[in-house]
Peer 1: 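One structure coming up, written as structure tokens, with questions to follow.
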Amino acid sequence: MAHCIVAEAEEILDKEFPVLDKGFVRLVDYYGSDQRIVQSARVSYGEGTKTVSQDAALIDYLLRHQHTSPFEQVVFTFHLKMPIFVARQWVRHRMGRMNEVSGRYSIMKEEFYVPEANCVSGQSANNKQGRNDEALPPEQAEKIRADFQAGQKTAYETYSEMIEGGLARELARINLPLALYTEFYWQMDLHNLFHFLKLRLDSHAQYEIREYAKVLLEMVRKVCPLATASFENDMEQSVTFTGEEMEALRAVLEGKDNPLNDKKLKRFQEKIKTGIQL
């Protein structure tokens, strides 16, 4: 197989795309493209033996039927800068390979994330791990932003004093807050990257990690536009149903009573609503 070079991807290679107040995403390298997915699926067929529409149909078929190995032939390497609390969510995706800046070797920079006022919200009443959609009143939000900044400033001043006093860097860093920015290189194949994007583009994901996922999606689109279109149609913007829910759908279509109990019916209705919104 020939080395894949995608003109649109080459244009963004090594460029920093800003995220949040001080973060960024940079595409360092990529291996493969839509063509690599097609080639690995057909194995013996060379480039140019099929039309673009046939390639798109094949990619869509593979993704829809979860034939994942051809997508693993495409690999991305990113350079990312993000707050530590976002990075701790990021590393839960264990199929990625990561190399992060070390606070044992390096002096950490005085760079902390402070959310914009319109992102400062109260605790959600129906989501134990999320925030309300509605921001707090402007004055209250600004007070909270100021409190964040004051705490961050104090923590970094103490950190600097400890470093200057000769304390080991690995100890001096331990009181720095989760808002501190970190950087790392991250490599992942397209199959697992699509899984990451499905989870982190979801409206239930934390706002900050969704902002990074949005940038990643557009970078992936530059390298693999056909596969990305299939991902959006078959994964991101789709809703799956359990066997019981499929039986309920059949019953409703046939004019029969819905057989689900109240709890399952509520979950089923939420899925229907989500599908309509998509």
Side-chain angles (χ1 to χ4, degrees), residues 15-28 78-94 96 98-125 127-186 196 199-216 219:
K15 293 182 179 178
E16 291 185 5
F17 289 79
V19 188
L20 303 182
D21 56 350
K22 304 177 187 72
F24 64 73
V25 176
R26 184 167 68 91
L27 178 62
V28 175
F78 300 100
H79 177 195
L80 301 130
K81 180 179 178 182
M82 64 183 63
I84 289 175
F85 72 89
V86 178
R88 296 295 79 86
Q89 295 178 26
W90 208 280
V91 298
R92 292 183 61 81
H93 299 268
R94 294 180 294 277
M98 173 187 284
N99 193 42
E100 185 176 9
V101 63
S102 172
R104 298 182 67 197
Y105 293 97
S106 306
I107 304 296
M108 303 305 291
K109 299 176 183 177
E110 188 176 3
E111 293 181 320
F112 298 92
Y113 170 62
V114 180
E116 296 293 335
N118 60 3
C119 294
V120 179
S121 306
Q123 179 64 41
S124 171
N127 182 354
K128 293 181 180 180
Q129 62 180 5
R131 67 187 82 167
N132 282 330
D133 293 333
E134 186 176 345
L136 294 174
E139 288 187 8
Q140 186 179 358
E142 288 301 332
K143 169 64 167 57
I144 291 170
R145 279 169 42 83
D147 288 344
F148 279 146
Q149 291 170 322
Q152 292 163 0
K153 186 174 186 297
T154 299
Y156 195 82
E157 286 175 350
T158 302
Y159 167 74
S160 298
E161 289 170 2
M162 289 177 174
I163 293 291
E164 291 168 6
L167 185 67
R169 289 187 291 271
E170 67 178 24
L171 287 174
R173 65 180 176 162
I174 66 177
N175 269 3
L176 291 173
L178 292 174
L180 182 74
Y181 271 89
T182 185
E183 295 184 35
F184 55 90
Y185 270 47
W186 186 63
F196 171 92
L199 293 175
R200 298 308 181 178
L201 288 169
D202 187 270
S203 60
H204 295 95
Q206 186 166 348
Y207 162 78
E208 285 78 8
I209 201 169
R210 288 205 315 268
E211 291 301 294
Y212 283 91
K214 290 175 185 176
V215 176
L216 286 181
M219 288 183 168

Peer 1: Do Y207 and D133 have side-chain heavy atoms sitting under 4.5 Å apart?
Peer 2: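 No; the side chains remain at least 4.5 Å from each other.
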Peer 1: Please find the pair of heavy atoms, one from A117 and one from A141, that lie closest to each other, and give the distance.
Peer 2: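 Of all heavy-atom pairs spanning A117 and A141, the closest is O-CB, 3.8 Å.
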Peer 1: Please tell me if the side chains of Y181 and L20 come closer than 4.5 Å, counting only heavy atoms from C-beta onward.
Peer 2: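 Yes - at least one pair of side-chain heavy atoms lies under 4.5 Å apart.
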Peer 1: For atom CG of N175, is the number of surrounding heavy atoms from other residues, nucleotides or ligands below 6.0 Å larger than 12?
Peer 2: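 No, the 6.0 Å shell around CG holds no more than 12 heavy atoms from other groups.
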Peer 1: How many angstroms lie between CD1 in I209 and CG in L199, if you round to the nearest 0.5 Å?
Peer 2: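 One gets 9.5 Å once the value is rounded to the nearest 0.5 Å.
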Peer 1: At their closest point, which heavy atom of S121 faces which heavy atom of A135, and how far apart are they?
Peer 2: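 Smallest heavy-atom distance, with atoms named: OG-CA, 3.6 Å.
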Peer 1: About how many Å separate CD of E208 and CZ of F85, when rounded to the nearest 0.5 Å?
Peer 2: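 Answer rounded to 0.5 Å: 4.5 Å.
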Peer 1: Is E139 salt-bridged to K143, going by a charged N under 4.0 Å from an acidic O?
Peer 2: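 No, this pair does not count.
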Peer 1: What distance do I84 atom CD1 and Q89 atom CD have between them, rounded to the nearest 0.5 Å?
Peer 2: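 The CD atom of Q89 is 13.0 Å from CD1 of I84, to the nearest 0.5 Å.
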Peer 1: Taking Y113's backbone N and O only, do any of them form a donor-acceptor pair with K22's side chain (distance below 3.5 Å, no angle check)?
Peer 2: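 No; zero donor-acceptor contacts below 3.5 Å.
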Peer 1: Donor-acceptor pair, R104 side chain versus R169 backbone, under 3.5 Å?
Peer 2: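 Side chain of R104 to backbone of R169: no pair is present.
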Peer 1: Go through E16 and K81 one step at a time and tell me if the salt bridge (charged side-chain N to carboxylate O under 4.0 Å, His left out) criterion holds.
Peer 2: CA-CA 10 Å; E16 291 185 5; K81 180 179 178 182; over 6 Å; no
Peer 1: Looking at Y159 and M108, would you say the former's side chain and the latter's main chain have a donor-acceptor pair under 3.5 Å?
Peer 2: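 Looks like yes, one N/O pair under 3.5 Å.
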Peer 1: How far does CZ of R131 sit from CG of L136, to the nearest 0.5 angstrom?
Peer 2: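 R131 CZ to L136 CG: 10.5 Å, rounded to 0.5 Å.
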Peer 1: Once rounded to the nearest 0.5 Å, what's the spacing between atom CH2 of W90 and atom CE of M98?
Peer 2: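 Separation between the atoms: 8.5 Å.
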Peer 1: Between Y212 and W186, is the gap from one ring center to the other below 6.0 Å?
Peer 2: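 Distance test on ring centres: not under 6.0 Å, no.
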Peer 1: Kindly check if the number of other-residue, nucleotide or ligand heavy atoms within 6.0 Å of CG (D147) is above 12?
Peer 2: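 Atom CG in D147 is crowded, with more than 12 foreign heavy atoms closer than 6.0 Å.
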Peer 1: E170 side chain to G103 main-chain N or O, any donor-acceptor pair under 3.5 Å?
Peer 2: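 Judged by distance alone, no pair lies under 3.5 Å.
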Peer 1: State which residues pass side chain to side chain donor-acceptor pair (under 3.5 Å) with R26; sequence neighbours excluded, sorted by chain then number.
Peer 2: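 With sequence neighbours excluded, R26 shows a side chain to side chain donor-acceptor pair (under 3.5 Å) to D14, H79, Y185, given in chain and number order.
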Peer 1: Taking CD in E134 as the centre, count heavy atoms belonging to other residues, nucleotides or ligands within less than 6.0 Å. Is the count above 12?
Peer 2: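 No, CD of E134 has 12 or fewer neighbouring heavy atoms, counting only those of other groups under 6.0 Å.
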Peer 1: Would you check if the side chain of D202 reaches a backbone N or O of H204 as a donor-acceptor pair within less than 3.5 Å?
Peer 2: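 Looks like yes, one N/O pair under 3.5 Å.
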Peer 1: Drop me the distance from F112's CZ to Q149's CD, to the nearest 0.5 angstrom.
Peer 2: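 Nearest 0.5 Å value for the CZ-CD distance: 11.5 Å.
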Peer 1: Taking all non-hydrogen atoms of both residues into account, name the closest pair between A87 and T182 and its distance.
Peer 2: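 Minimum heavy-atom separation between A87 and T182: CB-CG2, 3.9 Å.
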Peer 1: Report the C-alpha separation of E100 and R88 in whole Å, then their side-chain angles, then the decisive distance to 0.1 Å, and conclude whether the salt bridge (charged side-chain N to carboxylate O under 4.0 Å, His left out) test is met.
Peer 2: CA-CA 12 Å; E100 185 176 9; R88 296 295 79 86; 3.3 Å; yes
Peer 1: Would you indicate whether the side-chain heavy atoms of P177 and F148 approach each other to under 4.5 Å?
Peer 2: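 No - every pair of side-chain heavy atoms lies 4.5 Å or more apart.
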Peer 1: Are F184 and V101 close enough that some pair of their side-chain heavy atoms sits under 4.5 Å apart?
Peer 2: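 The answer is no; the side chains never approach within 4.5 Å.
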Peer 1: Check whether any side-chain heavy atom of R145 lies under 4.5 Å from a side-chain heavy atom of V120, and answer yes or no.
Peer 2: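 A side-chain contact under 4.5 Å exists here.
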Peer 1: Can you confirm whether Q152 sits close enough to V114 that some side-chain heavy atom of one is under 4.5 Å from a side-chain heavy atom of the other?
Peer 2: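 Counting from C-beta outward, Q152 and V114 do come under 4.5 Å.
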